[in-house]
Amino acid sequence: MHKKTQEDSFYDKVYAVARQIPHGRVTSYGAIANFLGTAGTSRMVGYAMGNCPGLMPPVPAHRVVNRIGLLTGKHHFGSPTMMQQLLENEGVEIEDDKVKNFKKLLWDPAIELNYDDYK
DNA sequence: AAGCTGACAGCAG
DNA sequence: CCTGCTGCCAGCT
């Protein structure tokens with residue numbers, strides 16, 4: 001253990017967490033922000049997603065929705081229905097741009113993940 | 001360097 | 001339930 005390599009910008013942390021979202025599950029921007037210990041930066045989480053296209057490995061941004069399960073970022077997937085289709089393809093039911101059973105499908109990193117592993 | 005942005009969240013009406 | 005206003009802060013121009 002010599003240097004750090006922990007240069008991980010806030011964005012990188014967001015991506016790291018987002019990549020842990022299980023297939024067929026979803027989380028919220030606020031949940032990720034809160035998990036990173038920076039509650040209030042939920043907007044940055046979404047902003048970070050705007051930079052994710054082209055990243056390797058890819059970030060399942062379609063699994064990140066707002067606090068009520070609304071597909072607020074659907075307009076950033078090329079097609080307004082792309083995000084919904086991606087989710088439905090994973091078995092996530094969408095109704096009126098909202099994730100059905102959101103509360104049940106919600107994957108909270110603060111519970112599922114260990115913060116010390118991402119700090 | 002200074003100001004603006006924004007894929008949100010919380011609260012009030 | 002919905003609509004609108006405010007706060008939040010890292011990143012970008």
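Proteins get letters first, then strands, A, B, ... in listed order; numbering begins at 1 in each.
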Please give, in whole Å, the distance from B/dC8 P to A/K74 NZ?
-> 13 Å

Would you kindly give the CZ-to-C1' distance between A/F10 and C/dG11, to the nearest whole Å?
-> 11 Å

Calculate the interatomic distance between A/L71 atom CG and B/dC8 atom P; express it in whole Å.
-> 11 Å

Please report, rounded to the nearest Å, how far the P atom of C/dC2 is from the CG atom of A/D97.
-> 12 Å

Would you mind reading off the distance between A/M44 atom CE and B/dC8 atom C1', rounded to a whole angstrom?
-> 10 Å

Have a look at A/T38 and say if it touches a base, only the backbone sugar-phosphate, or nothing, with a 4.0 Å heavy-atom cut-off.
-> nothing

Please report the C-alpha distance between A/E90 and A/R63 in whole Å, then the side-chain angles of each, then the deciding distance to 0.1 Å, and finally whether the salt bridge (charged side-chain N to carboxylate O under 4.0 Å, His left out) criterion is met.
-> CA-CA 10 Å; A/E90 296 186 352; A/R63 294 178 190 152; 2.8 Å; yes

Verify, without hydrogens or angle tests, whether A/Y15 (side chain) and A/A48 (backbone) share a donor-acceptor contact under 3.5 angstrom.
-> yes

May I ask you to say what A/G30 touches in the nucleic acid, namely base, sugar-phosphate or nothing, with a heavy-atom cut-off under 4.0 Å?
-> sugar-phosphate

For C/dT3, the Watson-Crick or wobble partner whose two distances fall under 3.5 Å | B/dA12

Calculate the interatomic distance between A/Y47 atom OH and C/dG7 atom P; express it in whole Å.
-> 21 Å

Does A/T41 put a side-chain nitrogen or oxygen below 4.0 Å from OP1 or OP2 of B/dC8?
-> no

Polar side-chain atom of A/N101 near backbone of A/K104 as donor-acceptor pair, under 3.5 Å | no

Out of B/dA9, B/dA7, C/dC9, which has the shortest distance to the side chain of A/C52?
-> B/dA7

Taken to the nearest whole Å, OH/A/Y15 to P/C/dA10 is 15 Å

Pairwise 5' ranking along DNA chain C for A/R43 and A/N51, keeping only the more 5' one = A/R43

Is the backbone N or O of A/V59 less than 3.5 Å from a side-chain atom of A/R19, with the two atoms forming a donor-acceptor pair by type?
-> no

Touch class at under 4.0 angstrom, heavy-atom based, for A/A61 against every strand present = base

Expected output: side-chain A/D12 to main-chain A/S9 donor-acceptor under 3.5 Å = yes

note: A/K13, atom NZ; C/dC9, atom P; distance rounded to Å ~ 15 Å

